[in-house]
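The sequence lines fix the lettering, A, B, ..., with proteins before strands; numbering per chain opens at 1. Only a predicted model underlies this, so the values are computations on that prediction, with no experimental measurement involved.
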Number of protein chains: 2
Amino acid sequence: MTATPDTDTPPARGKRPKQGEPVIDRALSLLAVFSDRRRALTLSELARHADMPAPTALRLIARLVAWGALERLDDGRYVVGVRLWEVASLSPRGHGVREIALPYLEDLFEVTRHHVLLAVRDNEEAVLIERLSGKDATEVAYRVGGRAPLRSTAIGLVLLAGADQQFQEAILKRPPEDEPGVPEMPEGQLRRTLSDVRRTGIAMIRRTVPSHTVSVASPIFDAQGAVVASLSIVVPDGATPPNVLAPAVRAAARAVSRNLGFQAQASSGMWTHSRR
Amino acid sequence: MTATPDTDTPPARGKRPKQGEPVIDRALSLLAVFSDRRRALTLSELARHADMPAPTALRLIARLVAWGALERLDDGRYVVGVRLWEVASLSPRGHGVREIALPYLEDLFEVTRHHVLLAVRDNEEAVLIERLSGKDATEVAYRVGGRAPLRSTAIGLVLLAGADQQFQEAILKRPPEDEPGVPEMPEGQLRRTLSDVRRTGIAMIRRTVPSHTVSVASPIFDAQGAVVASLSIVVPDGATPPNVLAPAVRAAARAVSRNLGFQAQASSGMWTHSRR
DNA sequence: AGGCGGCTTTCAATGGTTGGAATGGTATTG
DNA sequence: CAATACCATTCCAACCATTGAAAGCCGCCT
């Protein structure tokens, strides 16, 4: 061991493969490793998925744990910590809307006894902020904190319809990716649908996977009239006719909007556009 | 040691006042600036509260924004981002318990129509994980994501009673800080109370501030029999007698425990202790 | 006009950061 | 029981991301 490494290879001593990334980015990439499927991870798993040497990962993780962003379990694995959750609960578009909307979601839930969903848009997807579900409601694909596509869900269509023009165009241009259980929509039809959503304040979609359901969604506006969130219910297909549900959903969404300082305009056809 | 022994004249071009803190700690201290009262902050506010020069803060914040931990508003201020909220929603002790408990909380809420609370312990405080409240329920002091004391709330007493011995002793030793609206409890009485909580599975507290209320709380156990959370309801004093509420709360808490894999023991007097 | 506060960019010095190597530990296999 | 494999942790010297004073901008108030 004390023997010199007899390297003929000249300098060779150090090649820094991928040094040079900002520390914060690395730390954040560690957080990003966690997902629905990966809620508790070992050091080496974290290091592997975040693509960095174990010692580096360990050092970073140690700091995160010290602060409370991560917590260490008895078995040595790491999970996301309560402290991080606490800070995150201050997110206006996360718990913020939720806090205001929750009572109305509850009302709606009590009437329908089926899934009630609340989502905001983040980039090209909808992020589920809240979901109320009875213990025996129909199976639903998305969980709180999870993401859903904009084009093929009612809750997503509402968000898309309320996004700024430029963003909508970018999405519309994209070729429709086929999602199982939802009828594919070409650009033309999608345009018409979005326009309808804006006019009626309602989006509706039928799915067959994972179960036969009907979703009805309606937009939530802030004081500036921008669409900040989307409220939806999901019921088994064939139960209550959608046209009965729509008014209830719209009413609930409006109630939340009013609480956010939104003043209903005379012309319902004019949405101001979200600024994000 | 590598430092040369005091070179007589360090040209002293720069004096680095407080350089030397790990980058991550600084970034996290930026996140920690956000609070219930400070949900949207300017760069200089962040820099000031996190105690670092503006350029440094700006650089760190830029990274956080790029990742989505923070978001920038139109007016230039920063808020906690949805992406962070998303990761945080994977926290087992945050949204984890919540997800499992929510349906039962809803049941309880529907019966009582008053506040239903769910909390876990973080260090020396209870962190509110969930709160269901009617639009017209009585005023309550704590918000989701906020913290409550262990000694002077029903929900906190349950968590304290379920904590490990060593921790309990540390808390018991501490002189009772007086909270307004709650009868002060000396060490002896507190000990007795905690023992009662363990025996009966119920904690109860009356408050007069911010309003006259009665709180009834009960522990939630995990598969190992440790107290991982606490479930509570808060009702106006004088409405329903607490001894009527207690069974409902206990039943709901037990239902959640069972869902976490807890097997009720023959002897109810024996709690295994939390490992954290 | 001038002053002021906040935001942003620049840049050279430097100390925190880095990762290969080595160590100790534990579970799995031959 | 040795051999193997994997994981977690400590060490350390080279090095590059990080740092913050300084200066430039912009908007705002007086």
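Taking for each of A:L43 and B:P55 the nucleotide of DNA chain D with the nearest heavy atom, the 5'-most of the two is the partner of A:L43.
Remark: P of D:dT19 and CD1 of B:I61 are 13 Å apart, rounded to the nearest angstrom. Summarising the geometry, the separation between CD1 on B:I24 and P on C:dT18 is reported as 8 Å, rounded to the nearest angstrom. The distance between atom CG of A:L60 and atom P of D:dT18, rounded to the nearest whole Å, is 11 Å. Distance CZ (B:R63) to C1' (D:dA17): 10 Å, rounded to an integer number of Å. B:D25 has its CG atom 8 Å from the P atom of C:dT17, to the nearest Å. Rounding to whole angstrom units, CZ of residue A:R48 and P of D:dA8 are separated by 9 Å. The CG atom of A:L58 sits 14 Å away from the C1' atom of C:dT17 (whole-angstrom rounding). For the pair B:L64 CG and D:dT18 P, the computed distance is 12 Å after rounding to whole Å.
Paired with A:L70 under the rule side chain to side chain contact (heavy atoms under 4.5 Å, CB included), one option of A:V79, A:L84, A:L31 passes, and it is A:L31.
When distances run from any side-chain atom of B:V23 to the nucleotides C:dG16, D:dT9, C:dT18, the shortest one goes to C:dG16. Comparing atom distances between the B:T42 side chain and each of C:dT8, C:dC7, C:dG19 picks out C:dC7 as nearest. The side chain of A:S44 sits closest to D:dA8 out of D:dT19, D:dA8, C:dT8.
Between B:T56 and the phosphate of D:dT19, there is no side-chain N or O to OP1/OP2 separation shorter than 4.0 Å. A close approach under 4.0 Å does occur between a side-chain nitrogen or oxygen of A:R26 and OP1 or OP2 of C:dG19.
A cation-pi arrangement, defined by a distance under 6.0 Å to the six-membered ring centre and an angle within 45 degrees of its axis, is absent between A:R254 and A:Y104.
Between A:H95 and A:W85, the two ring planes are perpendicular [angle over 60°; tilted spans 30° to 60°].
Residue A:R59 places a side-chain atom within donor-acceptor reach of the base of C:dG19, judged by atom type and a 3.5 Å distance cut-off alone.
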Going through the checks in order, is the side chain to side chain contact (heavy atoms under 4.5 Å, CB included) test met by B:V120 and B:V228?
-> CA-CA 6 Å; B:V120 301; B:V228 290; 6.0 Å; no
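Taking five base pairs at each end of the helix from C:dA1-D:dT30 to C:dG30-D:dC1 and finding the rotation axis that steps the C1' atoms of four pairs onto the next four gives two axes whose angle is 40°, to the nearest 10°.
Between the B:N123 side chain and the B:E125 main chain, no donor and acceptor come within less than 3.5 Å of each other. Distance alone, capped at 3.5 Å, places no donor-acceptor pair between the B:E99 side chain and the B:G96 backbone.
Within the 4.5 Å cutoff, the side chain of B:L150 has no heavy atoms near those of the B:L157 side chain.
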